[in-house]
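Quick notes on the structure that follows.
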Amino acid sequence: MAIATINPTTGETVETFEPLTDAAIETKLGLAQTAFKQYQRLPFEQRSIWMQKAADILERDREIYGKMMTLEMGKTLKSAIAEVEKCALVCRYYAKNAAQFMADVPASTDASSSFVRYQPLGVILAVMPWNFPFWQVFRFAAPTLMAGNVGLLKHASNVPQCALKIEEIFTEAGFPEGVFQTLLVGADKVGKIVADDRVKAATLTGSEPAGESLAAQAGKSLKKVVLELGGSDPFIVMSSADLPAALSTAVTSRMLNSGQTCVAAKRFILAEEIAEEFIAGFVEKFEQLKVGDPMLPETDIGPLATPAILKELDNQVQACIASGAKLLTGGRALSEKAGNFYLPTIVTDIPLKAAARQQEFFGPVALVFRVANIDEAIELANSTSFGLAATAWTTVSSESDRFMNELEAGAVFINGLVKSDPRLPFGGIKRSGYGRELSIQGIHEFVNIKTVWVK
């Protein structure tokens, strides 16, 4: 895949970039290793000053970075600006809390003194996706750099300007040369970089095949990886739910980032008693959404990131309908528009053996199911190979307890929108990946958890 900015709204190639040569990659790896030797010794106070400065820069230039994201991958400008603001938030969170998270933890043993000490590992490679070009990187970089590691970013090939700009932000903030570097390389170079002795661990957010590949490559070198992969998150609505709130949140959750979000609600599981009312409102709200130029403030749904994503999504929808499912609204690309636009789509009555029940639909498509009771709801919610997050709507405490305990997911939200929050760990189970980002768990993923015993 070429490394290029291709405007998904118009299909225009804005700028192309030459990938790094092997010699240039070697230079950057050497620089990262040299930087780590000095950087790991710096006090948290100094790292915190630089991380706070990075947050200041993000907030200062939020509109510039927002427009860059919209240009490269098509998210609405208003959501892109909000993404930049969230990046500043995670920078400030770790600038404030890293020293506490990394502090020695005493243990009472037969020693005069014993404790756990957290120490950085070294060079960490991040393989990041295009759907949140800034947020995915900063939620890796903030804890990684505050822990004393240094970072290498291999970003998605369709967001090179974002990738380069993020390195510039850390440089302007004052971080020493080599502490954070962007590598403009194709996926074919990742294996060799992971295998390099100077790279100590890796993290990836992306598709299942990409996660499998990185895990296999890292496994050959016995290196740790954190994977945040796909999801087909259930959104369960029981008969006791606050229906207007659930309906509004359902639309928001499914349409986040024009539907291109791993943690978005994708399967809507409705109690029979409220199903007709919910579906009627769901269809109405979908048909009111404005699809168009993501730079305009009134736009709700922008283009999908690439023509390939658009084609794959439409193929999935058409196959679902061909299997016997019922199309309620949408179901086609906007061929009358330039760019990668797809109508907000709702499909229901999906046969038991339809492939759609096990797939992730990465775009503005909702799958709707009906269930007779909570047992059926939980069974259906857990029936996929994914386990990223889940949402359940109920005002019955016994139902809430069952959802919390029985839903197979890395996160369960009751009566609210699933979202990542720096204060809470984020990640999945099953084929949605392993390991955690954010919170104290996130900063501890890439450290040596060292036992110290003294007598």
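Heavy-atom basis, side chains included; hydrogens, waters and symmetry copies ignored.
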- Task: Could you tell me the separation between the CZ atom of F134 and the CD1 atom of I81, rounded to the nearest 0.5 Å?
- Result: 12.0 Å

- Message: When you measure from the centre of the six-membered ring of Y39, is the NZ or CZ of R47 closer than 6.0 Å and no more than 45° off the axis?
- Response: yes

- Message: Looking only at side-chain N and O atoms, does N448 offer a donor or acceptor that is under 3.5 Å from a partner on Y118?
- Response: no

- Could R62 and E59 be called an ion pair, given the rule that one side-chain N must be under 4.0 Å from one carboxylate O? no

- Considering residues, nucleotides and ligands other than Q46, do more than 12 of their heavy atoms fall under 6.0 Å from its CD? yes

- Message: Rounded to the nearest 0.5 Å, what separates atom OG1 in T391 from atom CH2 in W393?
- Response: 8.0 Å

- Check: K430 side chain, T384 main-chain N or O, donor-acceptor pair, under 3.5 Å: yes

- Item | Backbone N/O of W453 and side chain of S114: donor-acceptor pair under 3.5 Å | no

- Short N-O contact, E172 and K165, less than 4.0 angstrom: no

- Rounded to the nearest 0.5 angstrom, the CG-CE distance for L77 and M69 is 9.0 Å

- Y434 OH to K224 NZ distance, which is reported to the nearest 0.5 Å: 10.5 Å

- Please name the pair of heavy atoms, one in Y65 and one in L58, separated by the smallest distance, quoted to 0.1 Å. CE1-CA, 4.0 Å

- For the pair R92 and D56, find out whether any cationic side-chain nitrogen is under 4.0 Å from an anionic carboxylate oxygen. yes

- Flag the pair V190 / Q217 as yes when at least one side-chain heavy-atom distance between them is below 4.5 Å, and no otherwise. yes

- Message: Less than 4.5 Å apart, side chain to side chain, heavy atoms only: is that true for L313 and F361?
- Response: yes

- Can you find a pair of side-chain heavy atoms, one from F101 and one from P143, that are under 4.5 Å apart? no

- Message: Using modelled atom types and a 3.5 Å cut-off, is there a donor and acceptor pairing between side-chain atoms of T109 and backbone atoms of A111?
- Response: yes

- Residues D300 and K290 bridged, charged N to O under 4.0 Å: no

- Message: Testing E12, E15, E72 one by one against T5 for a side-chain hydrogen bond (donor to acceptor under 3.5 Å, both in side chains), which residue passes?
- Response: E72

- Can you check whether P364 reaches L304 side chain to side chain, under 4.5 Å on heavy atoms? yes

- Can you find a heavy atom in the side chain of S48 that is under 4.5 Å from one in the side chain of K96? no

- Note on the structure: In L31, L29, V127, D196, the residue satisfying side-chain contact (heavy atoms from CB on, under 4.5 Å) with L152 is L29

- Any idea which heavy atoms bring T9 and P303 closest together, and the distance? OG1-CG, 3.5 Å

- Message: If you apply the rule side chain to side chain contact (heavy atoms under 4.5 Å, CB included), what do you find for L388 with E228, and how did you get there?
- Response: CA-CA 8 Å; L388 192 51; E228 195 265 278; 3.7 Å; yes

- Kindly indicate, with the supporting measurements, whether the criterion ring pair (Phe, Tyr, Trp, His ring centres under 6.0 Å) is fulfilled by F180 and F175. CA-CA 8 Å; F180 186 94; F175 285 92; 8.8 Å; no

- Query: Are the side chain of K75 and the backbone of T70 linked by a donor-acceptor contact shorter than 3.5 Å?
  - Reply: no

- Message: So does P209 get a backbone contact from the side chain of S213, meaning a donor-acceptor N/O pair under 3.5 Å?
- Response: no

- Item | Residues, nucleotides or ligands: over 12 heavy atoms within 6.0 Å of K67 NZ | no

- Task: Please name all residues satisfying side chain to side chain donor-acceptor pair (under 3.5 Å) with W135, sequence neighbours left out, ordered by chain then number.
- Result: S420

- When you look at F44 and Y94, which way does the ring pair (Phe, Tyr, Trp, His ring centres under 6.0 Å) test go after all the steps? CA-CA 10 Å; F44 284 104; Y94 281 106; over 10 Å; no

- Item | Reported CD-to-CZ distance for the pair Q40 and F36, which is rounded to 0.5 angstrom | 3.5 Å

- Task: Could you pull out the closest heavy-atom pair between G416 and T249, with the gap in Å?
- Result: C-CG2, 4.3 Å

- At their closest point, which heavy atom of I57 faces which heavy atom of I169, and how far apart are they? CD1-O, 3.7 Å

- When every non-hydrogen atom of S432 is compared with those of G231, the smallest separation belongs to OG-CA, 4.1 Å

- Task: May I ask you to decide whether D22 forms a salt bridge with K189, counting only side-chain N to carboxylate O separations under 4.0 Å?
- Result: yes

- Item | Sidechain N-carboxylate O distance under 4.0 Å for E437, R139 | yes

- Backbone N/O of C262 and side chain of K266: donor-acceptor pair under 3.5 Å: yes

- With a 4.0 Å cut-off, would you call R436 and E445 a salt bridge? no

- N415 side chain to T394 main-chain N or O, any donor-acceptor pair under 3.5 Å? yes

- Distance-only polar pair, side chains of T76 and S79, donor-acceptor under 3.5 Å: yes

- Can any side-chain N or O of T261 pair as donor or acceptor with the backbone N or O of A264 at less than 3.5 Å? no

- Message: With side chain to side chain contact (heavy atoms under 4.5 Å, CB included) as the criterion, how do V185 and I25 come out once you've worked through the C-alpha distance, each side chain's angles and the decisive distance to 0.1 Å?
- Response: CA-CA 9 Å; V185 296; I25 295 170; 3.7 Å; yes

- With side chains defined as the heavy atoms from C-beta onward, is the minimum distance between F140 and L153 less than 4.5 Å? no

- Message: Treating Q260 as the side-chain partner and N131 as the backbone partner, does any N or O pair qualify as donor plus acceptor under 3.5 Å?
- Response: no

- With a 4.5 Å limit on heavy-atom distance, are the side chains of P176 and Q38 in contact? no

- Task: Hey, could you give me the OH/CG distance between Y93 and D421, rounded to the nearest 0.5 Å?
- Result: 8.0 Å

- Query: With side chains defined as the heavy atoms from C-beta onward, is the minimum distance between L183 and L20 less than 4.5 Å?
  - Reply: yes

- Test side-chain hydrogen bond (donor to acceptor under 3.5 Å, both in side chains) applied to S232 and R267, Q359, Q358, E360, the passing residue: R267

- Message: Restricting to non-hydrogen atoms, name the atom on A356 and the atom on L367 that form the minimum distance, rounded to 0.1 Å.
- Response: O-CD1, 3.7 Å

- Message: Any side-chain to backbone donor/acceptor pair from N149 onto V123? Under 3.5 Å, distance only.
- Response: no

